[in-house]
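Numbering of residues begins at 1 and proceeds along the displayed sequence.
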Amino acid sequence: MKLVKYVFSICLIALAIYGCAQDDDNTNFVDDVPAPTNVAVNLVVTQDNTGLVTLTPLAQGVTSFNIDFGDGSDVASTVQPGIDIEHVYLEGIYQATITAIGINGLTTTLIQEVAVSFNAPENLVVTIENDAAVSRQVNVTASADFAMSFEVDFGIVGTEPIMTNIGETISFSYDVAGTYTVLVTAFSAAIETTTFTEEFVVTEILQPLTAAPIPAFRADSDVISMFSNLYDLDVNVSSWRSEWSTSVLTDLQIEGNDTKFYADADFVGVEFYGDDAVNATQMDAFHLDFWSVNATTFRIKLVDLGVGTEAEIVFEDLPQNEWVSIDIPMSDFTDAGMTSISSIQQLIFSGLPTGTFDFFIDNVYFYRAPGDVPEGLEGTWRMAPVAGSLGIGPAVGDVSFFSCDADCVELRACYYDDTYVFGSDGSFSNDLGTESWIEGWQGGGDSCGAPVAPHDGSNPATYIYDETAGTVTLNGIGAYIGLAKANNQGELPAVAVPSSIIYNVSLTGPNAMDVNIDIGGGVYWQYKLVRDGVTANPLSGTWQMAPEAGALGIGPAVGDVSFFSCDVDCVVLRACYYDDNYVFGTDGSFTNDLGAESWIEGWQGGTDSCGTPVAPHDGSNPATYVYNQAAGTITLNGAGSYIGLAKANNQGELPAVALPAAITYNVTFVDANTMNVNIDIGGGVFWQYKLVKI
């Protein structure tokens, strides 16, 4: 029989603490380790009227247990996690006390009822349900009078029954949906048992429960979109299921996102003829999000009918029951024999099992790296609608006096839609629409209101951009960038309205710039602007671990790095690690750029010291990323790509788990140049990183 409690979690917490100890010889962090959590005990009683009970204590963050059996007998001390303890009870109901002891002596106590009865279990009630979120997973609970435990035989030959305490839940995942004979046996201390049998239908979850990932941020000019809620439609597809297709097409929405579902597919033809033919000669790749419950092979074919050429890319063993983002370089099609991509008019899907595989698709488009952008400042700009894009502080890059956070951005939506228009003829205008954020000194109520002259765009203005000096000069009373009150002499109304203002500017990307102005006394108002035509991607650029104490740590909760935190001495020791670069491309590419050295741990063959990067965690494999702003997540796709630590992933820590093909991190932006990243490695243990943009 198998136990279903917390063995895996125990291993994870032990590995985390051991790894931290290996990471740093300073063990002061042990003092801050919290008391054990998730204390439990598994009870198994022999069915021979002897009252022999086996107790198996378990917990997270535990080094040993004390067990008071509750019947006046001696306490069992220093019991190791996962070790079975046998004890003979007389018939009766007892309150056993399980005390879990942590590495630093902190304890957590559990009171567990132990009901020993020599009567066979009675009134057995069993609930068997398909899990609502996991395909082919069945959950079983049971209750009964006089019973101490129950086990479930899930009807699979060669699979052992699973046992747990009465009243708890046993879960089991089937390989194939269908009808199975589920046998539940309830145990007391009596020789007799009580059973329950049901022919249970195990079901598939036949569609995604969540929408496809939000695509990478791209300018519409760099995308040829066939189907996506994010990008403007460029191709009017005449048929998403041609007459010669073998499948059933259903259009549906998942979490409000338009999605296409093909059932019982063999091959599917998508047609877009004539003026809607795609000229992909300027595109770098083809993208598709794919989800299937049963596909073992998936093929994507492009057909150029202009010259009669085609090529097919085959994917084997794609993950099932999850969204997979597929990005195919156009060079893969041409390398496969496609002689032209200037008049693509058909897209063909096929796969295995033939005629019976079901799949969902979303976000079908061609794309390229950012294309040409206007020279200099020409174009329409607005404040980047992200936390930290508006702030003030004692130095450029420091907005510690005030920073407009996410709630502030939402509150000031009437301000974040203001535009700053730099004409190709040197003209400049503030276009505030019908409302902007009107402060008290303007007669407003620090709320949305009608723009107030002269800062309402009514006066003509010009600009001069000095690229060498990194400045832009606005000439015209009332013309401004960022805030109307901030100028070179100070802040209105304490100073006169200037006829000219000089700002310091730096272009941080083809369509992004940082602006600052010293209002006097070394106080800087600072703004981050984006040019219209693109969606601001706060990730794009090069990031490093913040070279400060606490930027790297692990603990039992986000914001808590009490298990281990890299202090000042640790930062100095690991300088070869803190200069590692995490590069997020505007084209959705991701790269670990570690240079000649990084911090190489023992599991990588290193000596917990600086050394040569080790594959696949050396940036040698190509990788991409998807930033889901709504969910606050970053997903890296590519074996060996990582943020923070190579070993930490969603399944646990290497080498105890398999190398993942993708890792999802949680991310929050402190400001435009600082982000906090965390990942739950299992059992509620979080590695946490603070990164800064360089």
Side-chain angles (χ1 to χ4, degrees), residues 1-7 38-59 65-76 79-100 109-129 138-172 180-200:
M1 294 177 288
K2 295 186 286 187
L3 305 179
V4 294
K5 300 302 288 182
Y6 306 95
V7 175
N38 292 332
V39 181
V41 60
N42 197 78
L43 306 174
V44 178
V45 63
T46 58
Q47 290 74 57
D48 56 5
N49 293 337
T50 64
L52 178 63
V53 177
T54 300
L55 302 90
T56 307
L58 300 161
F65 296 91
N66 293 337
I67 303 177
D68 184 335
F69 299 101
D71 61 355
S73 60
D74 292 339
V75 173
V79 178
Q80 298 303 302
I83 298 299
D84 296 339
I85 297 296
E86 293 185 341
H87 186 74
V88 176
Y89 285 94
L90 299 176
E91 190 171 20
I93 298 176
Y94 305 91
Q95 302 297 319
T97 302
I98 315 299
T99 302
T109 299
L110 167 73
I111 306 298
Q112 175 68 51
E113 181 177 280
V114 181
V116 178
S117 173
F118 298 141
N119 295 323
E122 298 178 0
N123 302 319
L124 175 60
V125 177
V126 175
T127 302
I128 307 175
E129 296 178 324
V138 172
N139 305 319
V140 181
T141 57
S143 63
D145 297 335
F146 309 121
M148 181 181 296
S149 59
F150 74 101
E151 73 173 19
V152 183
D153 184 332
F154 286 93
I156 302 293
V157 176
T159 300
E160 295 182 358
I162 302 175
M163 174 176 284
T164 194
N165 298 340
I166 203 77
E168 297 184 3
T169 301
I170 294 175
S171 298
F172 182 80
Y180 296 86
T181 302
V182 179
L183 171 63
V184 179
T185 304
F187 300 94
S188 66
I191 296 174
E192 293 184 61
T193 61
T194 302
T195 61
F196 171 89
T197 302
E198 181 176 336
E199 297 296 311
F200 186 77

Compare all side-chain heavy atoms of Leu55 with those of Gln112 and state whether any distance is below 4.5 angstrom. no
Do Thr197 and Thr181 have side chains that approach each other closer than 4.5 Å (heavy atoms only, starting at C-beta)? yes
Is there a side-chain contact between Phe65 and Ile83 (heavy atoms, below 4.5 Å)? no
Look at the side chain of Thr194 and the backbone N and O of Pro121, then say whether any donor-acceptor pair between them is shorter than 3.5 Å. yes
Can I get a per-line list of side-chain donor-acceptor pairs under 3.5 Å for residues 138-145, giving both atom names and the distance, sequence neighbours left out?
{"residue": "Asn139", "atom": "OD1", "partner": "Gln137", "partner atom": "NE2", "Å": "3.2"}
{"residue": "Asn139", "atom": "OD1", "partner": "Ser171", "partner atom": "OG", "Å": "2.7"}
{"residue": "Asn139", "atom": "ND2", "partner": "Asp131", "partner atom": "OD2", "Å": "2.9"}
{"residue": "Asp145", "atom": "OD2", "partner": "Asn123", "partner atom": "ND2", "Å": "2.6"}

Heavy-atom donor-acceptor pair, Ser188 side chain to Asn119 backbone, under 3.5 Å: yes
Ignoring hydrogens, what is the shortest heavy-atom contact between Tyr180 and Ile156? Give both atom names and the distance. CE2-CD1, 3.3 Å
Is the Tyr89 ring parallel, tilted or perpendicular to the Tyr94 ring (thresholds 30°, 60°)? tilted
Taking Val41's backbone N and O only, do any of them form a donor-acceptor pair with Asn165's side chain (distance below 3.5 Å, no angle check)? yes
Can you find a pair of side-chain heavy atoms, one from Val114 and one from Met148, that are under 4.5 Å apart? yes
Measuring from Phe196:CZ to Thr127:OG1, what's the distance to the nearest 0.5 Å? 8.5 Å
Measure the spacing between CZ of Phe150 and CD1 of Ile162 and express it to the nearest 0.5 Å. 10.0 Å
So for atom CG, which belongs to Leu90, do other residues, nucleotides or ligands contribute more than 12 heavy atoms lying within a distance under 6.0 Å? no
d(Ile67 CD1, Leu110 CG) to nearest 0.5 Å is 10.5 Å
Does any part of the side chain of Phe172, heavy atoms only, come nearer than 4.5 Å to the side chain of Thr159, both counted from C-beta? yes
Within a reach of under 6.0 Å around CD of Glu192, are more than 12 heavy atoms found that belong to other residues, nucleotides or ligands? no
Rounded to the nearest 0.5 Å, how far apart are CG of Asp153 and OG1 of Thr195? 11.5 Å
For the residue pair Thr193 and Gln47, establish whether any side-chain heavy-atom pair is separated by less than 4.5 Å. yes
